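In this text, all values refer to a predicted model and were calculated from it rather than measured experimentally. Any value given below was found using the heavy atoms of this structure, including those in side chains, with hydrogens, waters and symmetry copies removed.
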Amino acid sequence: MKFGIFYELQLPRPWQAGGELKLYQDALTQLETADRCGYDHAWVVEHHFLEEYSHSPSPESFLAAASQRTKNIRLGHGIFQLTTNHPARVAERVAVLDLLSNGRCEFGMGESASITELTPFGRDMETKKEVFEEAVRAIFPMFKDGGSEHHGKYFDIPLRNVVPKPVQKPHPPLWMACSQLPTIERAGQHGFGALGFQFVSADAAHAWVHAYYNAMTKRLKKLADYQINPNMALVSFFMCARTDEEARARADGATFFQFALRFYGASQNRARPDPGTVNMWDEYNKWKRDNPEAQEAALRGGLIGSPETIRKKLRRFRSSHIDQVILLNQAGKNSHEHICDSLELFAKEVMPEFRRDPEHEAWKAGVMSGAIQLEEIDTEAFRDRYGKLAVTVAPAKAAAAAS
């Protein structure tokens with residue numbers, strides 16, 4: 001099992017002078033810590049205009065900086081929005097990061113999930129899937145030697161040689177953002193690694209793994225000429241401390257993250273309120289005061305607890321054949337010190353048990369060769385993105401944000 005860390009670069013209100021500077025510098029230090037401790041991947045999102053929830057519009061810049069402060073950890077676009085970026089610019093930025101990192105780039109792709117992000121770039125919810133798939137077809141010839149051209153519905157690109165080319169051949173490993181079960185299956189069908197931005201139980205993970213690998217091995221339909229990447233990763237809320245109680249006390253950001261997702265997720269097309277009309281941190285604290293039991297339940301989910309508690313939970317995930325667990329530690333107002341302590345404690349007391357897993361490698365080889373046939377599990381009971389212990393909130397309503 002591999003382990004990654006995940007960044008939305010959240011910055012709840014009230015905002016203070018220097019807040020974004022500290023956010024970015026702390027996150028880079030955290031990546032250095034993760035690299036030193038032996039974590040496998042660092043994943044950074046691309047989001048636009050999402051106050052408090054994500055201040056990460058330029059992951060290629062952040063990852064480029066990280067490439068000069070780390071040695072081994074792989075640096076992942078988790079994800080690059082193919083709907084809001086021109087294909088040539090995507091290919092160029094992926095190649096440059098691969099060069100700067102000496103071949104450590106991972107190329108995750110996605111569509112964006114709200115009109116707040118799409119509309120300013122001239123895109124919409126109805127056509128974003130088509131744009132994504134056409135962008136994929138345009139991008140991959142650009143990684144090859146010589147020129148390429150593309151003439152489609154959304155992009156018209158004359159014959160040009162996109163330079164530079166990536167270190168990894170034919171291209172960095174490919175991933176696709178998956179926020180629901182249908183997109184997990186779609187990633188498998190297209191041959192992409194699945195970046196599962198869900199927060200599910202081990203039982204759900206087992207069902208989703210079967211859906212993913214069955215789609216890849218039985219219904220593969222690549223969008224272009226690229227190398228498939230059979231890997232499934234799932235995000236989990238995370239905080240490791242000496243005791244369960246201490247870990248839960250330090251993990252308030254996990255429920256803020258869930259609250260923000262739920263708060264906006266119920267609105268039409270996931271539209272965000274106008275800038276400055278909602279103070280998400282205040283809304284979250286109101287919800288917390290009114291729902292103390294719900295918050296406590298949410299903190300019992302994910303990988304939050306002592307090393308022994310987390311080991312027990314991970315053993316269940318290992319049996320579901322997840323390839324990578326991505327740990328969401330930077331969330332809400334979780335402190336930099338607690339994040340670094342958590343990363344170090346987990347690496348020392350939890351990670352070694354799960355580092356080598358020959359049974360999983362043999363299972364995966366058998367599945368991909370066809371020697372092992374996976375059953376088609378009924379996944380209807382496992383379609384909830386958030387899991388049984390997740391927070392539940394009302395749709396977003398505008399309220400005056402703190403200045």
Side-chain angles (χ1 to χ4, degrees), residues 5-35 42-70 75 77-78 81 84 93 97 112 114 116-117 119-121 237-239 249-261 263-264 270-289 295 327-344 393 396-403:
I5 56 175
F6 176 63
Y7 284 85
E8 293 273 7
L9 295 173
Q10 295 199 330
L11 190 65
R13 285 183 168 92
W15 296 334
Q16 299 175 347
E20 288 178 324
L21 175 62
K22 178 173 170 41
L23 171 69
Y24 270 74
Q25 294 302 320
D26 284 351
L28 287 169
T29 300
Q30 291 157 24
L31 259 69
E32 287 184 277
T33 300
D35 183 53
W43 298 98
V44 182
V45 304
E46 178 185 356
H47 277 312
H48 303 276
F49 321 119
L50 304 186
E51 295 178 334
E52 301 186 68
Y53 178 74
S54 178
H55 291 227
S56 180
S58 182
E60 70 276 9
S61 300
F62 180 88
L63 291 168
S67 75
Q68 303 307 293
R69 296 173 61 162
T70 57
L75 302 172
H77 281 282
Q81 291 184 3
T84 62
R93 292 167 183 173
L97 177 60
S112 175
S114 77
T116 299
E117 295 188 84
T119 301
F121 295 99
F237 298 114
F238 171 65
M239 183 63 74
R250 294 179 172 190
D252 182 72
T255 46
F256 172 80
F257 191 104
Q258 294 178 65
F259 176 86
L261 279 176
F263 191 82
Y264 288 139
R270 295 186 184 174
R272 269 58 172 177
D274 290 338
T277 60
V278 167
N279 183 318
M280 181 60 60
W281 186 250
D282 282 354
E283 294 295 325
Y284 167 62
N285 281 288
K286 291 176 189 174
W287 173 85
K288 224 172 29 168
R289 288 192 296 270
Q295 191 209 17
L327 305 170
L328 174 58
N329 212 6
Q330 193 281 316
K333 294 191 177 184
N334 289 355
S335 78
H336 172 62
E337 293 74 21
H338 291 166
I339 291 169
C340 290
D341 289 349
S342 180
L343 290 170
E344 291 178 343
V393 301
K397 294 181 180 179
S403 61

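With sequence neighbours excluded, no residue forms a salt bridge (charged side-chain N to carboxylate O under 4.0 Å, His left out) with K333. When the salt bridge (charged side-chain N to carboxylate O under 4.0 Å, His left out) test is applied to R272, no partner is found at least two apart in sequence or on another chain. Legend: residues meeting side-chain hydrogen bond (donor to acceptor under 3.5 Å, both in side chains) with S61, ordered by chain and number and at least two apart, are S58. Shown here are the salt bridge (charged side-chain N to carboxylate O under 4.0 Å, His left out) partners of D252, two or more places apart in sequence or in another chain: K288. Among residues two or more places apart in sequence or in another chain, the ring pair (Phe, Tyr, Trp, His ring centres under 6.0 Å) test is passed with Y284 by F256, F259, W281. With sequence neighbours left out, S112 forms a side-chain hydrogen bond (donor to acceptor under 3.5 Å, both in side chains) with E117. For Q30, the side-chain hydrogen bond (donor to acceptor under 3.5 Å, both in side chains) partners at least two apart in sequence or on another chain are Y7, H336. Partners of E8 according to the salt bridge (charged side-chain N to carboxylate O under 4.0 Å, His left out) rule, which considers only residues two or more places apart in sequence or in another chain, do not exist here. Scanning for ring pair (Phe, Tyr, Trp, His ring centres under 6.0 Å) contacts around F121 gives H48, with sequence neighbours left out. Considering only residues two or more places apart in sequence or on other chains, H338 meets the ring pair (Phe, Tyr, Trp, His ring centres under 6.0 Å) condition with none of them. Looking at residues two or more places apart in sequence or on another chain, you find no side-chain hydrogen bond (donor to acceptor under 3.5 Å, both in side chains) involving S67.
For F237 against A254, the heavy-atom pair with the smallest separation is CE2-O, 3.7 Å.
Distance check, rounded to the nearest 0.5 Å: CZ of R93 to CD of E60 gives 4.5 Å.
Judged by distance alone, the side chain of E46 and the main-chain N or O of H77 form no donor-acceptor pair under 3.5 Å. Of the possible donor and acceptor atoms, none in the side chain of T255 sits under 3.5 Å from a partner among the backbone N and O of Q295. For N334 (side chain) and I339 (main-chain N/O), no donor-acceptor pair under 3.5 Å exists by modelled atom type. Between the side chain of Q10 and the backbone N or O of S54 there is no donor-acceptor pair closer than 3.5 Å. For R13 (side chain) and V278 (main-chain N/O), a donor-acceptor pair under 3.5 Å exists by modelled atom type.
Among residues at least two apart or in separate chains, salt bridge (charged side-chain N to carboxylate O under 4.0 Å, His left out) pairs with a member in residues 21-31 are K22-D26.
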Next item on the list: Start with the C-alpha gap between E20 and L11, add the side-chain angles, then the distance that decides, and say whether side chain to side chain contact (heavy atoms under 4.5 Å, CB included) holds.
Entry: CA-CA 7 Å; E20 288 178 324; L11 190 65; 3.5 Å; yes
